[in-house]
Protein chains: 2
Amino acid sequence: MYNFNMCEKFKNLKNTEYDIALLLNKKGILSANELQEILKVDKATIYRNLKSLIKKNIIRKVSAKKSFYELNCNIHNPIHPHFECIKCNKIYCLKPLSAEDTINISRYTNFEIHSIDIKIKGTCDECKSMDN
Amino acid sequence: MYNFNMCEKFKNLKNTEYDIALLLNKKGILSANELQEILKVDKATIYRNLKSLIKKNIIRKVSAKKSFYELNCNIHNPIHPHFECIKCNKIYCLKPLSAEDTINISRYTNFEIHSIDIKIKGTCDECKSMDN
DNA sequence: AACTTATTTGCAACTTAGTTGCATTTTATG
DNA sequence: CATAAAATGCAACTAAGTTGCAAATAAGTT
């Protein structure tokens, strides 16, 4: 996956922050609960560190049926749309938005843009094959 | 705004469902709390009816810092992206996605698509003018 | 109209995500 | 080593949303 060690931003992280970043790097996208189950620390610690990482611009939150978190790292992990399965609620990361599409979408507002979140909802192949 | 009466779907709605649809038609987009404050019914009633309206495909949920709900009615209110202000958390409805952009975005997945949610985050003019 | 059945509602209790205050532990610094 | 700063755990809390159940409304039948 992405080359975690190349990311300068992680150098100054400590303890839980670093563990979270490491896990998100390995797994791609996780919920606060999943992080807590793996790291076995208090949920307050998880949420405090998630908030801090978001503030430092190292991770971003993906709002779906529940919230997920993923790295916001570098060219190895640029902003990308997500697919949310309406059957199993699983989140799939899609390939990054092209420059053209990014520009096109950004034209829908004149406000100052900070980020563009695209979520495609539908049924994933796995769930579709289970239908009758 | 949209011509509410033209929408066949609303004919069979009753009580709270109808009130909610009417309000969303008038106000555009509202949270569950805002609906409850205006309609003065129990929140269980609000959520049950919101769920039912979503199932009937009459409204859709817009997930932001908190959830909002808007009509999913007809050609007068096609699917459109939203702008979420990261300062005041207000939601602005943007002009509908063009057919071209819809097709372009839909190409990012091969899964069966049900809907496309685009949320642009940033700072709205009102909040920007309050900055120093 | 009277009776029965189905639908809608309010209420209270609950779940789950996320937050906050505070005391304790851990880490950093002189 | 002593002290200050930062990170953690714990418990209590908030806010959104859900659920079971009993009471109230509405709809259907004779």
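This one's a predicted model, so the numbers in the text were calculated from it and none came from an experiment. Residue numbers begin at 1 in each chain, while the letters A, B, ... track the order of the sequences.
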Quiz item: When you check every protein heavy atom under 4.0 Å of nucleotides 8-21 of chain C, what one-letter string (B, S, -) results, 5' to 3'?
Solution: SBBB-----SBBBB
Practice problem: Let me see the working for Ser98(B) and Asp101(B) under side chain to side chain donor-acceptor pair (under 3.5 Å), right down to the final yes or no. | Solution: CA-CA 5 Å; Ser98(B) 69; Asp101(B) 288 334; 3.2 Å; yes
Quiz item: Under the ring pair (Phe, Tyr, Trp, His ring centres under 6.0 Å) criterion, do Tyr92(B) and Phe111(A) qualify, and how do the steps go?
Solution: CA-CA 10 Å; Tyr92(B) 295 84; Phe111(A) 291 154; 4.9 Å; yes
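For the pair Leu35(B) CG and dA16(D) C1', the interatomic distance rounds to 14 Å; values are reported in whole Å. Between Leu13(A) atom CG and dT27(C) atom C1' the separation is 16 Å, expressed in whole Å.
Residues Leu35(B) and Leu71(B) share a single hydrophobic cluster, defined by chaining ILVMFWY side chains whose heavy atoms lie under 4.5 Å apart.
A salt bridge links Lys56(B) with Glu17(B): at least one charged nitrogen is closer than 4.0 Å to a carboxylate oxygen. Ion pairing between Lys65(A) and Glu84(A) fails under the 4.0 Å rule for side-chain N and carboxylate O.
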